[in-house]
Amino acid sequence: QVQLVESGGGLVQAGGSLRLSCAASGSISVIKDMGWYRQAPGKQRELVAVVNHDGNTNYADSVKGRFTISRDNAKNTVYLQMNNLKPEDTAVYYCTANLVRSGSWWGRDYWGQGTQVTVSS
């Protein structure tokens with residue numbers, strides 16, 4: 001069984017900061033990409049940022065320069081540092097990891113349960 005558990009969401013004023021964390025646990029052989037998506041009410045889920053095993057990153061244009069994704073491979077954990085938050089960043093943020101379970105040859109995507117981020121104006 002593999003689990004992704006997020007933490008760090010909450011309510012913050014515009015211009016403030018939050019740091020999200022997501023830890024993967026279970027019988028894991030290797031984690032390839034780790035990332036964050038978000039879904040606002042009435043909108044489709046969208047990619048926020050992704051980081052591969054070597055630390056290479058990719059960001060949505062809307063968060064470039066404000067958000068930073070990082071990971072700790074020893075802890076199977078990915079982080080999202082969010083600075084200068086805006087009301088339009090309000091959404092449920094989901095952690096995702098593409099990983100290979102122990103004893104398996106193939107990887108697949110796993111998702112966390114989501115954490116709410118609310119930015120007030």
When you measure from the side chain of [X] to the backbone of [Y], do you find a donor-acceptor pair of N or O atoms at a distance under 3.5 Å?
| X | Y | result |
| --- | --- | --- |
| Thr77 | Lys75 | yes |
| Thr96 | Tyr110 | yes |
| Gln1 | Gly26 | no |
| Arg71 | Asn52 | yes |

What pairs with Lys64 under salt bridge (charged side-chain N to carboxylate O under 4.0 Å, His left out), at least two apart in sequence or on another chain? Asp61
Residues at least two apart in sequence or cross-chain that pass salt bridge (charged side-chain N to carboxylate O under 4.0 Å, His left out) with Asp89, listed by chain then number, are Arg38, Arg66
Please collect all salt bridge (charged side-chain N to carboxylate O under 4.0 Å, His left out) contacts where either partner lies in residues 101-121, sequence neighbours excluded, each pair once. none
According to side chain to side chain contact (heavy atoms under 4.5 Å, CB included), who are the partners of [X], at least two apart in sequence or on a separate chain?
| X | answer |
| --- | --- |
| Ser25 | Gln3 |
| Asn58 | Val50 |
| Gln39 | Arg45, Tyr94 |
| Ala97 | Leu4, Ile31, Met34, Leu99 |

If we only count heavy atoms from C-beta on, is the [X] to [Y] side-chain gap below 4.5 Å?
| X | Y | value |
| --- | --- | --- |
| Tyr79 | Leu20 | no |
| Val48 | Tyr93 | yes |
| Val51 | Val78 | yes |

For Val100 against Lys32, the heavy-atom pair lying closest together: CG2-CE, 4.0 Å
Write down the atom of Val2, the atom of Ser27, and the distance for their closest heavy-atom approach. CG2-O, 4.3 Å
One pair to check against side-chain contact (heavy atoms from CB on, under 4.5 Å): Leu18 and Leu85. What are the steps and the verdict? CA-CA 8 Å; Leu18 283 174; Leu85 282 159; 4.1 Å; yes
Disulfide bond (SG atoms under 2.5 Å apart) pairs, two or more places apart, involving residues 74-121: Cys22-Cys95
Rounded to the nearest 0.5 angstrom, the CG-CD distance for Leu11 and Gln13 is 8.0 Å
NE2 of His53 to CG of Asn98, rounded to nearest 0.5 Å, is 12.0 Å
Test: ring pair (Phe, Tyr, Trp, His ring centres under 6.0 Å). Region: residues 23-45. Which pairs qualify, not counting sequence neighbours? Tyr37-Trp111
What ring pair (Phe, Tyr, Trp, His ring centres under 6.0 Å) pairs are there with at least one residue in residues 1-26, not counting sequence neighbours? none
Please tell me whether Val12 and Phe67 are part of a single hydrophobic cluster in this structure, the criterion being side-chain heavy atoms less than 4.5 Å apart. yes
Using side-chain contact (heavy atoms from CB on, under 4.5 Å), reason through Ile28 and Asn76 one step at a time and then give a plain yes or no. CA-CA 9 Å; Ile28 299 169; Asn76 288 341; 4.1 Å; yes
Partners of Gln81 by side chain to side chain donor-acceptor pair (under 3.5 Å), sequence neighbours excluded? Asn83
What pairs of donor and acceptor atoms, side-chain ones from residues 114-121 against any protein atom, are under 3.5 angstrom apart with sequence neighbours left out?
from	atom 1	to	atom 2	distance (Å)
Thr115	OG1	Gly9	N	3.4
Gln116	NE2	Ala91	O	3.4
Gln116	NE2	Thr118	OG1	3.3

